[in-house]
Amino acid sequence: MLNRQLSLLALGLAAATPAVLSQKPGSFEDGGDTLVSAMMLLLGNDEKVYILDKSEGNPAQINGHPAMGAVYDIATRKAQVMDVTSNVFCASGMHLPNGSFITLGGNGAIGPGGNIGSVQAEGGGSGLFDETYQDYDGTRAIRILNPCTGDATGPACEWFDDANVLAMQKHRWYSTAEPLGDGSIAIIGGFTNGGYVNRNYPNLDPAYEGGAAEPTFEFFPSRGEAQVMQFIVDTSGLNAYPHTYTLPSGKLFLQANISSMIWDPDTNSENRLPNMPENIVRVYPASGAVAMLPLTPANNWTPTILFCGGSDMPDYAWGNYSWPYINTWEYPASAKCHRITPEPSDNSSADYEEDDPMLETRTMGQFIALPDGTMMVVNGGLNGTAGYSTQTLITTSYSDMPYGMSLASGPVGTPGIYDPRKPKGQRWSNTGLDASEIPRLYHSSALLLPDASVLIAGSNPNVDVNTSTIFPTTYKAEIFYPSYFSAKTRPTPQGVPKTISYGGDKFDITVPAASYSGAANDAADSAAVMLMRPGFTTHAMNMGQRSMQLNNTYTVNSDGSLTLHVAQAPPNSNIFQPGPALLFVTINGIPSNGTYVIVGNGQIGKQPTAAASTLPANVRLDSVKGTGEGGSSTSNTTSNNSSGASHTGPIIGAVVGAIALVGILG
């Protein structure tokens, strides 16, 4: 009976894709009101985005207290509040293999003005509950969400948030989460108390900072007691939200402060790599834009991580938990970019390489991987850092702070596009891109949507809601349309599966002639099938974000349609970890709408693998053309290669997620 219900639900999720675009390329549109300031975003499915905020005095109420969660309907651009029990302020988060999501940790209970909650732990210092905001201590919380479609209300669609039932071993604030190849989650580092940076000054206790730092790691589901990670001790002070990426070997690349390493989660062994050039800090609160470049057949799906912006402030300037020791808003952020391939395919030594600089200095810039193979950087400021404060060591009165509590200045409203396929010196452009008039500084966020546009929201460099300061609490969202929205017609692929396996039989996707223009052979040569994972976005980073091109060959048919013979994912679940993703087909650099898919078997555990897919040779046909309305994208096309694939039965995240939650709690 359950299998029949799942099959019917799978049929119900099929959606028609519009073929004609009407949005202005390079523009921002009104995205509606998010109701809570969007400190965190996640794409729950092809209909809904989920929003999380810290506990603060948002006007939107739920159950008699200010809301700190909402669900946003992509089609209507309207949000409705959701109840979240514990303070999710500066938590981390990640997807699970079945399409569910978890958020991890946060802050203690907070009341009005950012004051410690009215009910405090014995001895004080940490809020357990606040009677006004009605939030509980979130520092050990593990919250689970099974995203819903349609109405998205009711108990099955809400956040499960009860630390008495499900909690981490350690209190964590500003920790990082990264999925492993079996779908489990590594949870790394964090504060237990404090604020601006994770240290006292002078730094006499780099491991624990008198009880304010948490230099350990643990896993979800648990693998036993939390263990100390020496790298977190050694990067003390500037190790909040360490940048973390799973590598094909199953080991993880980590970067914090100016240090880097490869870490084995099974043995807790570390292999240190060269330091970040020029002592540029990219973790919070320097908050550089950091992302893995697209994984493609051309690079043999070898991860390269790109770091841009951040700050080279001297060590003393970062100050302590309370505030920086200089007026950060006067200090220009960096424009420089560096990249590293932690596991080079030629077995050479990993090292940083300077890349093209951004078009401006930027702190709190955020990379969004786009389905045409480019990377967009958005949000942030020209000067300063993330965080907020009522003073610095130099400006000791809040009344003298020129930008309110903000430690940054010079909002950057124009996105930049980075194309990793172009030669050095030509990789950055913002030609034809509008500038947003909304400052997006600390606690801003951005997320790729299924139609290949980008949702941009948030900004709140304030301890509590403040709509009258120079950089206010922001509830207005925007939708940004990249340059490929200049196309008059976009692909409408048919036969896209609902699941992707690791190796196995190929699958076929049909691209109708009416959904592209020009010579069929050229269109087929340009075709690329992209798996895009938008990730869990907070603090100018998208935890878990990945972009991977699947191998494909093609057959050009006499009616002008294209049959793409598509490989499954490479037979290594460390390359693209199990869980939800969007599958796009791009023709001449123009992406289709994304189809929501599950990669892997939907379960935590060793993923089934099969041999890499075998694909037939290309079949070309001269004098055949597409019948779609003409119009070209300004984006370059993604290069195409080959390898094969198959698919399994549908997995519906909301249904399977509910079953999984029962199992976890049981």
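Since the structure is predicted, the reported quantities are computational estimates derived from the model, not experimental observations. Just so you know, residue 1 is the first one in the sequence shown, and it goes up from there.
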Problem - Audit row: F89, I110, side chain to side chain contact (heavy atoms under 4.5 Å, CB included) steps and yes/no - result: CA-CA 10 Å; F89 182 25; I110 292 295; 5.6 Å; no

Practice task
Dump the intermediate steps for side chain to side chain contact (heavy atoms under 4.5 Å, CB included) on T467 and V465, then the final yes or no.
Solution key: CA-CA 7 Å; T467 57; V465 172; 4.2 Å; yes

Exercise for the section: Quick one: do Q549 and M530 satisfy side chain to side chain contact (heavy atoms under 4.5 Å, CB included)? Show the steps, please. Expected result: CA-CA 4 Å; Q549 181 185 354; M530 303 295 296; 3.5 Å; yes

Problem - Derivation of the side chain to side chain contact (heavy atoms under 4.5 Å, CB included) call for K498 and V597 - result: CA-CA 5 Å; K498 290 296 182 183; V597 299; 5.6 Å; no

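Using a 4.5 Å heavy-atom cutoff, the side chains of F28 and P415 are in contact. Side-chain contact check for Y481 versus P25: every heavy-atom pair is 4.5 Å or farther apart. Between M39 and V88 there is no side-chain heavy-atom pair separated by less than 4.5 Å. Within the 4.5 Å cutoff, the side chain of P512 has heavy atoms near those of the T492 side chain.
Checked by atom type, the side-chain pair T153/Q80 shows no donor-acceptor distance below 3.5 Å. Using a 3.5 Å distance cut-off with no hydrogens or angles, the side chains of S468 and N466 do pair a donor with an acceptor. Side-chain atoms of S55 and D135 form a donor-acceptor pair, as typed in the model, at a separation below 3.5 Å.
Between D73 and K48 there is a salt bridge, since a side-chain N of the basic residue sits under 4.0 Å from a carboxylate O of the acidic one.
A tilted orientation is assigned to the rings of Y241 and H539, their planes being inclined by 30° to 60°.
In terms of modelled atom types and a separation under 3.5 Å, the side chain of N107 and the main chain of N87 share no donor-acceptor contact. Between the side chain of Q366 and the backbone N or O of A446 there is at least one donor-acceptor pair closer than 3.5 Å. Side-chain N or O atoms of R77 include none that pairs as donor or acceptor with a backbone N or O of A477 at under 3.5 Å. Side chain of Y136 to main chain of A163: no donor-acceptor pair is present (N/O by atom type, distance under 3.5 Å, no hydrogens or angles). Checking side-chain atoms of S86 against main-chain N and O of D137 turns up no donor-acceptor pair under 3.5 Å. At least one donor-acceptor pair under 3.5 Å links the side chain of T474 to the backbone N or O of P472. Between the side chain of R490 and the backbone N or O of P591 there is at least one donor-acceptor pair closer than 3.5 Å. In this structure a side-chain-to-backbone donor-acceptor pair under 3.5 Å is missing from T176 to S92. Between the S175 side chain and the G190 main chain, no donor and acceptor come within less than 3.5 Å of each other. A donor-acceptor pair under 3.5 Å links the side-chain atoms of D464 to the main chain of G57, judged by distance alone.
Residues H171 and F191 place their aromatic rings such that the two centres sit no closer than 6.0 Å. Separation of the Y50 and F101 ring centroids does not fall under the 6.0 Å cut-off.
Only one option out of N462, N460, L52, I51 pairs with S37 in a side chain to side chain contact (heavy atoms under 4.5 Å, CB included); it is N460. Paired with I142 under the rule side chain to side chain contact (heavy atoms under 4.5 Å, CB included), one option of D162, I187, L104 passes, and it is L104.
Taking the ring centre of F217 as origin, the terminal cationic atom of R172 falls outside the region bounded by 6.0 Å and 45° from the ring axis.
Taken from CZ in F219 to CD1 in I185, the straight-line distance is 11.0 Å, to the nearest 0.5 Å. The CD atom of E56 sits 10.0 Å away from atom CE of M68, with the distance rounded to the nearest 0.5 Å. Once rounded to the nearest 0.5 Å, the distance linking CZ of F471 with OG1 of T469 reads 8.5 Å.
Atom OH of Y388 has more than 12 heavy atoms from other residues, nucleotides or ligands within 6.0 Å.
The two residues I604 and S184 have their closest heavy-atom pair at CG2-N, 4.1 Å.
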